[in-house]
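Written out below as structure tokens is the structure these notes cover.
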Amino acid sequence: MLVMKFGGTSVGSAERMKDVLSIVEKAKSNHKGAAPLVVLSAMSGVTNSLIKAGERAVARDLKSALAEVQSIRKKHDEAIDQALSSDAAAAQKVKQSLDPHFEELEIILKGVSYLGELSKRSVDAISGMGELLSSKVVAAIAEHEGTASVWVDARDVMITDDTFGKATPLTDDIEKMAGEKIAKASKDGKVVITQGFIGATEKGITTTLGRGGSDYSAAIFGAALKADEIQIWTDVDGMMTSDPRLVPEAEVISEVGFQEAAELAYFGAKVLHPLTIKPAIEQGIPVRILNTMRPDNPGTIIKADEDLDRSDADSRPICAIAAKKGITALFISSFKMLMAHGFLSKVFAIFDRHSTSIDLIATSEVSVSLTLDNTDQLDSIIRDLKELGDVRILTDVSIVSVVGRQFREQSGIAGEVFSALTNVNVIMISGGASDINLSFVVSNEDADKSIKQLHKHFFSAK
Ligand code: ADP
Ligand code: ASP
Ligand code: MG
């Protein structure tokens with residue numbers, strides 16, 4: 001069985017939605033066995049628009065919150081009219097099927113506005129609406145075009161904890177529900193159309209997996225269903241040597257190992273949500289990244305290291321360069337810990353107590369520099385760290401990561417990386433922790449410059 005996830009641009013218009021269905025039909029006829037599971041994102045721009053509506057509502061500007069909803073309605077209505085232009089009655093029926101979602105959205109926004117309160121739980125109820133809308137439209141087009149299909153509410157399958165905004169999927173429950181709600185229909189040859197990004201608690205309260213989380217949904221579904229392959233269909237030709245929006249000459253990487261892909265996704269390659277690879281690794285399911293606009297291109301295959309064909313052009317030591325922006329760096333120094341042991345364990349205990357994970361770390365005898373992505377608990381963390389010594393904070397910096405292969409066995413990689421940089425102030429360096437990643441911290445302004453210089457050095461001249 002295939003799991004096929006289509007991102008926001010891939011369902012961004014009537015034309016694209018039709019393209020999606022022809023890709024799915026083709027995959028269904030080429031792939032023996034159960035019909036594919038199709039996991040959809042919201043139409044491009046809709047999740048941002050929904051979040052904006054919530055922010056307007058809580059700022060007591062209900063009028064502009066509802067105007068935002070109207071523009072979302074218009075976008076979907078236009079797609080429906082265009083896709084079903086030959087059948088006005090069918091178009092009307094689909095539009096009506098969206099009414100309850102828009103009504104619910106308006107009620108929530110009014111509540112948010114009257115109370116002047118926007119909890120994470122409310123944000124999830126609002127922001128998760130886009131996937132329900134887009135998937136209903138695609139399912140209606142599928143029905144109209146005669147594709148045997150069934151629409152499934154992901155919230156009946158993607159059972160999560162109640163960490164609103166970044167919920168954790170509960171895999172045992174999901175496996176059970178996926179068997180009931182998805183596997184049966186798909187074995188009967190029906191394409192199952194569902195939503196990425198959203199889930200629900202055991203009590204049925206809507207949750208989301210975090211921004212960009214539809215990729216993660218696809219991987220979770222894929223693992224639960226023991227899929228043959230998880231396909232991430234997007235708006236670029238695959239995982240590339242850098243973000244093509246920043247580096248137009250970036251090249252597609254035909255094969256990537258699970259670990260490298262995970263590092264790249266974690267350190268900023270937006271093409272894949274950072275958690276996507278985890279369920280795939282656990283079940284050994286390959287992940288393929290493909291372009292909806294150019295479906296015949298081979299894309300990128302991500303699989304276990306031992307299954308990679310290292311003889312091809314991708315065997316060069318540097319695989320890709322990525323950046324993660326908006327990071328916070330902390331510099332802690334404690335001279336009272338000079339020649340005393342236990343400094344690092346005290347520092348780590350503080351982060352543990354505040355459930356905050358550290359990304360990069362560099363240490364010396366009495367100083368530690370580290371970076372954080374999640375700053376929800378920053379004030380309490382700093383208060384506790386100050387008991388140990390001096391704390392300096394730099395907000396809004398970037399991590400630049402060079403990801404590749406067997407760095408420890410090759411001499412000169414670090415030298416090459418840093419000598420390729422001109423007019424870049426390196427704030428912190430972290431290397432050697434893994435064999436495949438060399439990361440450093442720079443200001444946000446220096447991040448793009450660093451990527452361009454490194455890409456030019458490692459890829460252009462060779
Ligand atoms: P989708 O809506 O399909 O999930 P995203 O916008 O989340 O798409 O991810 C695709 C985008 O990721 C691309 O348009 C590209 O600009 C960006 N991107 C960042 N880094 C990379 C990379 N290393 N390889 C490919 N794309 C990348
Ligand atoms: N629609 C959600 C977002 O924009 C999830 C996704 O597209 O992956 O974050
Ligand atoms: Mg995405």
Side-chain angles (χ1 to χ4, degrees), residues 4-12 16 19-20 23 39-52 72 123-124 126-135 154 158 165-167 194-199 206-220 230-254 256 260-276 287-294 297 299-300 302 318-325 400-404 447-448 451 454-455 459:
M4 308 174 78
K5 176 260 168 178
F6 294 87
T9 323
S10 305
V11 291
R16 294 260 182 281
D19 290 346
V20 163
I23 291 169
V39 179
L40 300 175
S41 284
M43 292 179 80
S44 55
V46 168
T47 311
N48 285 346
S49 204
L50 288 163
I51 290 171
K52 198 151 90 185
I72 297 171
V123 173
D124 277 2
I126 296 167
S127 65
M129 210 64 91
E131 271 68 12
L132 291 165
L133 299 170
S134 64
S135 62
M158 183 64 72
K166 206 181 182 181
T194 194
Q195 309 82 46
F197 187 48
I198 56 170
T206 302
T207 55
T208 68
L209 305 185
R211 293 306 307 269
S214 294
D215 303 332
Y216 186 32
S217 299
I220 293 283
I230 297 159
Q231 298 186 341
I232 306 292
W233 290 83
T234 184
D235 57 3
V236 284
D237 282 339
M239 189 164 248
M240 303 178 80
T241 49
S242 205
D243 185 346
R245 278 185 224 180
L246 180 64
V247 183
E249 65 275 19
E251 300 162 32
V252 177
I253 313 163
S254 57
V256 188
E260 290 154 287
E263 295 270 326
L264 276 172
Y266 189 76
F267 287 107
K270 192 193 166 212
V271 67
L272 213 56
H273 182 277
L275 293 173
T276 314
V287 176
R288 201 182 287 274
I289 304 181
L290 293 145
N291 190 342
T292 310
M293 271 70 80
R294 296 202 276 188
N297 279 12
T300 298
I302 305 168
I318 305 293
C319 159
I321 304 150
K324 196 169 169 181
K325 293 190 173 166
V400 176
S401 295
V402 179
V403 174
D448 289 354
I451 289 192
L454 288 169
H455 197 277
F459 296 101

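In what follows, every heavy atom counts, from backbone to side chain, and hydrogens, waters and symmetry copies are set aside. Start at 1 and go down the list; that is how both ligands and their atoms are numbered. For reference, positions follow the sequence shown, starting with 1.
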- prompt: In terms of side-chain geometry, is the basic nitrogen of Lys325 or Asp448 positioned less than 4.0 Å from the acidic oxygen of its partner?
  reply: yes
message: Within the structure provided, determine whether Thr292 and Phe6 are in side-chain contact (heavy-atom separation under 4.5 Å).
response: yes
- prompt: Does Thr300 reach the main-chain N or O of Ile253 with its side chain, forming a donor-acceptor pair under 3.5 Å?
  reply: yes
field: Which atom of Ala218 lies closest to which atom of Lys5, heavy atoms considered
entry: CB-CB, 3.6 Å
query: Can Gly7 be said to touch ligand 2, with heavy atoms closer than 4.0 Å?
result: no
- prompt: Which ligand 2 atoms are under 4.0 Å away from a heavy-atom of Ser41?
  reply: 6 (C), 7 (O), 8 (O)
- request: Determine, step by step, whether Leu264 and Leu272 satisfy the side chain to side chain contact (heavy atoms under 4.5 Å, CB included) criterion, reporting the C-alpha distance in whole Å, the side-chain angles of both residues, the deciding distance to 0.1 Å, and the verdict.
  value: CA-CA 9 Å; Leu264 276 172; Leu272 213 56; over 6 Å; no
- prompt: In terms of side-chain geometry, is the basic nitrogen of Lys270 or Asp243 positioned less than 4.0 Å from the acidic oxygen of its partner?
  reply: no
- request: Around atom 6 (C) of ligand 2, find the nearest protein heavy atom and jot down its residue, atom name and distance.
  value: Ser214 OG, 3.3 Å
- request: Pull out every atom of ligand 2 sitting under 4.0 Å from any heavy atom of Gly213, numbered as shown with elements.
  value: 5 (C), 8 (O)
statement: Minimal heavy-atom distance between Gly238 and Val271, with the atoms involved, is O-CG2, 4.3 Å
- prompt: Any idea which part of Glu131 is under 4.0 Å from ligand 2, heavy-atom wise: side chain, backbone, both or neither?
  reply: side chain
- prompt: Are any side-chain N or O atoms of Ser242 and backbone N or O atoms of Ala250, one a donor and one an acceptor, separated by less than 3.5 Å?
  reply: no
message: To check your reading of the model: name the closest protein heavy atom to atom 4 (O) of ligand 2, its residue, and the distance in Å.
response: Arg211 NH2, 3.0 Å
- prompt: Mind checking whether Thr47 has an N or O less than 3.5 Å away from an N or O of ligand 2?
  reply: yes
query: Any N or O on Gly210 sitting closer than 3.5 Å to an N or O of ligand 2?
result: no
query: Any idea which heavy atoms bring Ser41 and Ser214 closest together, and the distance?
result: OG-OG, 3.2 Å
Within the protein, flag every N or O under 3.5 Å from an N or O of ligand 1, and note the pair and distance.
residue: ligand 1; atom: 2 (O); partner: Gly8; partner atom: N; Å: 3.1
residue: ligand 1; atom: 3 (O); partner: Thr234; partner atom: OG1; Å: 2.7
residue: ligand 1; atom: 4 (O); partner: Lys5; partner atom: NZ; Å: 3.0
residue: ligand 1; atom: 6 (O); partner: Lys270; partner atom: NZ; Å: 2.9
residue: ligand 1; atom: 8 (O); partner: Thr234; partner atom: OG1; Å: 3.2
residue: ligand 1; atom: 12 (O); partner: Val271; partner atom: N; Å: 3.4
residue: ligand 1; atom: 14 (O); partner: Asp235; partner atom: OD1; Å: 2.9
residue: ligand 1; atom: 14 (O); partner: Arg245; partner atom: NH2; Å: 2.9
residue: ligand 1; atom: 16 (O); partner: Asp243; partner atom: OD1; Å: 2.8
residue: ligand 1; atom: 16 (O); partner: Arg245; partner atom: NE; Å: 2.9
residue: ligand 1; atom: 23 (N); partner: Met240; partner atom: O; Å: 3.0
residue: ligand 1; atom: 24 (N); partner: Met240; partner atom: N; Å: 2.9

- prompt: Would you call Gly8 a ligand 2 contact, heavy-atom distance under 4.0 Å?
  reply: no
- request: Assess whether side chain to side chain contact (heavy atoms under 4.5 Å, CB included) is satisfied between Val247 and Ile451, documenting all intermediate values.
  value: CA-CA 8 Å; Val247 183; Ile451 289 192; 3.8 Å; yes
